[in-house]
Amino acid sequence: MAENGPDAAEVLRRVRGLLDAYDPGSTERLEFLRARFDAGLAWVHFPPGLGGLGAPRALQSVVDAELAAAGAPDNDPRRIGIGLGMAAPTILRYGTDAQRERFLRPLWLGEEVWCQLFSEPGAGSDLAGLGTRAVREGEDWVVTGQKVWTSNAHNARWAILIARTDPDVPKHRGITYFVCDMTDPGVEVRPLRQITGEAEFNEVFLTGVRIPDTLRLGEVGDGWRVAQTTLMNERVAIGGSPLPREGGMIASVAATWRERPELRTPELHDRLLRLWVDAEVTRLTAQRVRQQLAVGAPGPEGSGMKLAFARLNQAVSGLELELLGEEGLRYGDWTNARPDTVDFYGRDAGYRYLRAKGNSIEGGTSEVLRNIIAERVLGLPSEPRTDKDVAWKDLPR
Amino acid sequence: MNTDGLDLLYSDVEDDLRAAVRDLLADRCPASAVLARCDSDTPYDLELWRTLQVQLGLAGLLVPEEFGGQGGSAREVGVVLEELAAAVAPVPFLGSAVLATSALLDCDTADGQVAGLLGRLASGESTAALAVPLSAAPGGAFPQGVEADAHGALSGRVTSVADATVADVLLVPAVGPEGPGLYEVAADAPGVRISAATPLDLTRPIADVELAGVRATRLAGGRIAEAAVDRALLAGAGLLASEQVGVAQWCLDETVDYLGQRRQFGRVVGSFQALKHRLADIWLEVVSARAAARAAADALAHGAPDTAVLVRVAQAYCAPAAVHAAEECVQLHGGIGMTWEHPAHLRLKRAKSSEIALGTPGRHRAALAALVDLPPAAQATGRPAVTA
């Protein structure tokens, strides 16, 4: 669709048209956002009528920059990252027309927050082994099971959910993808306190949750394939946002180095510079990946970005505590709070160190990512698999 | 230097001591109780401390028998620290029985005040804290944060002191008209304010100590005071290596257990070669760390001439080894290792905090450079690089 879509000049013309009709200075925020969506300027690569123009995806940054320069409100993307980054592309690709019509607009506007019900206590790296059951009853599916590591479940109106609909076939084939109503009485959300002291995530218990078949995404039994769209987008979102030089985790340790000469030693200096070089090279690699994407030739380097950022964040935050010395013995606050977003930078170094430990676990562990690189990028044979052709119900666990 | 004279093994007596401490901790210090305390107003388990002090006599382990102690040495203390750290037991053993006691032992023990305090520490009547930041490293300048006036009254501030909130006696390094001194201060004396800080290591509380014209007794002055503080930090650094071994071993054992049970992809996760190799690497670091920690403890016990070298080596090696083991423990547990409920995070916090305590590995390496005649590179200007 991108080939036939409008070009940069046309997109810019539409941005100016929107700004003329809805002055950001005097238009109420939600009214402006609705007008933006209806003008096809929400996500320009989406189809017309669903917030887009069928334009090349790269033009979105042009739109965002123009609107930001004009002082226009945005849709607070950090608050609704799961909806924007994971649910929306999946609904777009696999949803029915009715589902796209129903969900995409309130999702983008932030009127309806989304969460993701994928991981389970017994199914983390091996997500396809999940045990949450969905059983067909008339026009509904009845879902029972436990999900974990769910950001925003306590604020969410909807969830993307994968559940087992056929235990008698091998695990990848018996999964179906649903949209789950988080207000269903069978949904119970419990905060999950983590290493940092706060509960950024939740456990979600599903007990006899009724999901109408009209909220199924994709075919019955095809949920694993549908989920790949979601997961690919998640990893792009984690590894992909542009950073300026010395942006990200390296920024605060570099600032501390400059402001606190009394903390400096030759040994720490050498380690800081090594990590500074790593940060710069990782940033350049990410930039190169984005350029490859923009010209329509995505390279395999993308698979490595989340891995690289996890390693970098952990090394930099670990060094920061050592550099701080006595101050590194202290922590900001262990209170069991429930933040809506993760903010590495407004917090103390101890928080950064502990929170960064999750970077190599969430959204695909570094071990799984290394397997993906070894097997899909380098073409090496996979580990011997004993679970591929066995019915899910017969797997040892 | 030949190290053939070092005894790097555990004696039968040390094995018995370990078993006694381990049994007590298994009974009295379960993970759930330690975790519950982290969220409470009583971060220390003072009943457990009382049992360790009196029933097992551990408070006076380093104190000679003539003062009512056990007459043990750094070797036994190392064994106790391994066990206390593995269980992250919230007791002030390091602050009182190691740091403060070591400082006192390097004062003039013929002095009645010194001997009396040693006796009170050994009997469990008193708990003491050495009023220096936990991050203080041996070989540094004498602490300048507290001043003594002509009448011996102390004023000043010391931050991040380990185990200060449960001490009834503070040993305060202070500088007076006659130079450096080490002073005994009652924690409840007028003018003393001890405020708990929020520690990264939830099982080793730290506090800021403020003194405003506090009456104090001078225990040592001049060179003796300087040496007492420095030797206490050296002993502390050397023995902290045993804590780090205890933490690393716990992390290894816990991870091996978990990977031997957890199934993903239809198989036990520990059967993946990539993970087995990581655990084998941790194992090698743990056995190496144990040798380094035993060498430091044995050298401290016997006053070996190259004690300083062995302490620096032990800290430079064991601190990062414990951090590595704890980080791998969290990572290889996956999501569950990131939860507050799982005990791994308490070891990660202990390991990372211990890397800063009593000198970072980088500072110990820099000090080692001077001891083994490997001077730092000269700068391009021809000036020698500044060492820590």
Side-chain angles (χ1 to χ4, degrees), chain A residues 119 121-126 128-129 148-149 171 192-199 201 264-268 271 314 318 321-334 336 348-350 353-355 357-358 360-362 365-367 370-371 383-388 390 395-397, chain B residues 38-39 133-137 159-160 162 197-202 204 206 262-269 271-275 278 323 327 330-342 344-346 348-349 352-353 355-357 360-363 365-366 376-377 379 385-388:
Chain A
S119 295
S125 288
D126 182 16
V148 73
W149 298 112
K171 61 181 183 179
L192 179 60
R193 197 175 186 192
Q194 72 211 44
I195 190 167
T196 55
E198 49 184 41
F201 301 92
R264 297 175 192 164
T265 70
E267 184 253 350
L268 290 167
R271 287 167 61 200
Q314 291 171 356
L321 280 179
E322 270 189 76
L323 171 64
L324 285 169
E326 186 194 327
E327 221 173 286
L329 296 171
R330 294 169 175 247
Y331 193 74
D333 185 3
W334 291 116
N336 187 3
D348 57 296
Y353 173 73
L354 295 173
R355 182 60 186 80
K357 292 283 166 267
S360 50
I361 298 172
E362 58 203 338
T365 65
S366 289
E367 289 73 21
R370 286 188 186 98
N371 278 339
E383 297 264 346
R385 294 293 292 264
T386 56
D387 58 338
K388 278 217 145 142
V390 181
L395 289 174
R397 68 186 111 246
Chain B
C38 294
D39 266 333
L134 180 58
S135 53
T159 48
S160 307
T198 304
L200 177 67
D201 178 358
L202 286 156
R204 172 158 292 143
I206 51 177
R262 169 80 168 173
R263 279 178 180 274
Q264 292 279 271
F265 306 103
R267 57 193 267 203
V268 172
V269 170
S271 70
F272 284 98
Q273 194 175 52
L275 303 190
R278 278 162 71 172
V323 171
E327 289 181 342
V330 169
Q331 175 67 24
L332 294 174
H333 274 79
I336 192 77
M338 282 294 288
T339 61
W340 186 264
E341 268 65 37
H342 194 278
H345 69 98
L346 295 178
L348 178 65
K349 289 160 188 173
K352 192 64 190 173
S353 181
E355 194 179 37
I356 296 167
T360 59
R363 289 200 184 261
R365 282 195 294 271
Q379 301 264 24
V386 181
T387 53

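Each chain gets a letter, A, B and so on, in the order the sequences are listed, and its residues count up from 1.
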Handout entry: chain A contact via B/Arg365 - which portion, at a heavy-atom distance below 4.5 Å
Key = side chain
Handout entry: Portion of B/Val269 that has a non-hydrogen atom of chain A nearer than 4.5 angstrom
Key = neither
Handout entry: Pair A/Arg193-B/Asp39, salt bridge (Lys or Arg N to Asp or Glu O under 4.0 Å): steps then yes or no
Key = CA-CA 12 Å; A/Arg193 197 175 186 192; B/Asp39 266 333; 2.5 Å; yes
Handout entry: Which portion of B/Leu346 sits near chain A, non-hydrogen atoms under 4.5 angstrom
Key = neither
Completion exercise
Ranked by heavy-atom pairs below 4.5 Å to chain B, first place among A/Ile195, A/Leu192, A/Val148, A/Asp387 goes to A/Ile195
Exercise for the section: Just give me the residue among A/Arg264, A/Glu326, A/Glu267 that pairs up with chain B most often, heavy atom to heavy atom, under 4.5 Å. Expected result: A/Glu326
Exercise for the section: With a 4.5 angstrom heavy-atom cut-off, could you sort out which part of A/Leu324 is near chain B: side chain, backbone, both or neither? Expected result: neither
Handout entry: For B/Asp201 against B/Lys349, the heavy-atom pair lying closest together
Key = CB-O, 3.8 Å
Practice task
Check the pair A/Glu327 / A/Arg330 against salt bridge (Lys or Arg N to Asp or Glu O under 4.0 Å), numbers first and verdict last.
Solution key: CA-CA 6 Å; A/Glu327 221 173 286; A/Arg330 294 169 175 247; over 6 Å; no
Completion exercise
Most contact-rich option vs chain A, by heavy-atom pairs under 4.5 angstrom, among B/Arg263, B/Gln273, B/Gln264, B/His342, is B/Gln264
Practice task
For chain B, find which of A/Gly129, A/Gly325, A/Ser360 contributes the most heavy-atom pairs closer than 4.5 angstrom.
Solution key: A/Ser360
Practice task
Carefully, step by step, assess A/Leu329 and A/Leu321 under the rule side-chain contact (heavy atoms from CB on, under 4.5 Å).
Solution key: CA-CA 8 Å; A/Leu329 296 171; A/Leu321 280 179; over 6 Å; no
Practice task
Measure the CG-CZ distance between B/Leu275 and B/Arg262 for me, rounded to the nearest 0.5 Å.
Solution key: 12.0 Å
Handout entry: Which atoms of B/Glu355 approach chain A - backbone, side chain, both or neither, heavy atom under 4.5 Å
Key = side chain
Problem - Options A/Pro121, A/Gly124, A/Ser125, A/Ala123, ranked by heavy-atom pairs under 4.5 Å with chain B, top entry - result: A/Ser125
Practice task
May I ask you to decide if B/Pro199's main-chain N or O and A/Trp334's side chain share a donor-acceptor pair within less than 3.5 Å?
Solution key: yes
Practice task
Measure from NZ or CZ of A/Arg385 to the centre of the six-membered ring of B/Phe265 and say whether it is under 6.0 Å with the direction within 45° of the ring axis.
Solution key: no
Problem - Lys/Arg N to Asp/Glu carboxylate O, A/Lys357 vs A/Glu362, below 4.0 Å - result: no
Practice task
Please state whether the side chain, the backbone, both or neither of B/Thr360 comes within less than 4.5 Å of a heavy atom of chain A.
Solution key: side chain
Handout entry: Part of A/Lys171 within contact of chain B (heavy atom distance under 4.5 Å)
Key = side chain
Problem - Contacting region of A/Phe201 [heavy-atom separation from chain B under 4.5 Å] - result: neither
Practice task
Pick one of side chain, backbone, both or neither for B/Leu134, based on which atoms fall under 4.5 Å of a heavy atom in chain A.
Solution key: both
Handout entry: Salt bridge present between B/Lys352 and B/Glu327 (N-O < 4.0 angstrom)
Key = no
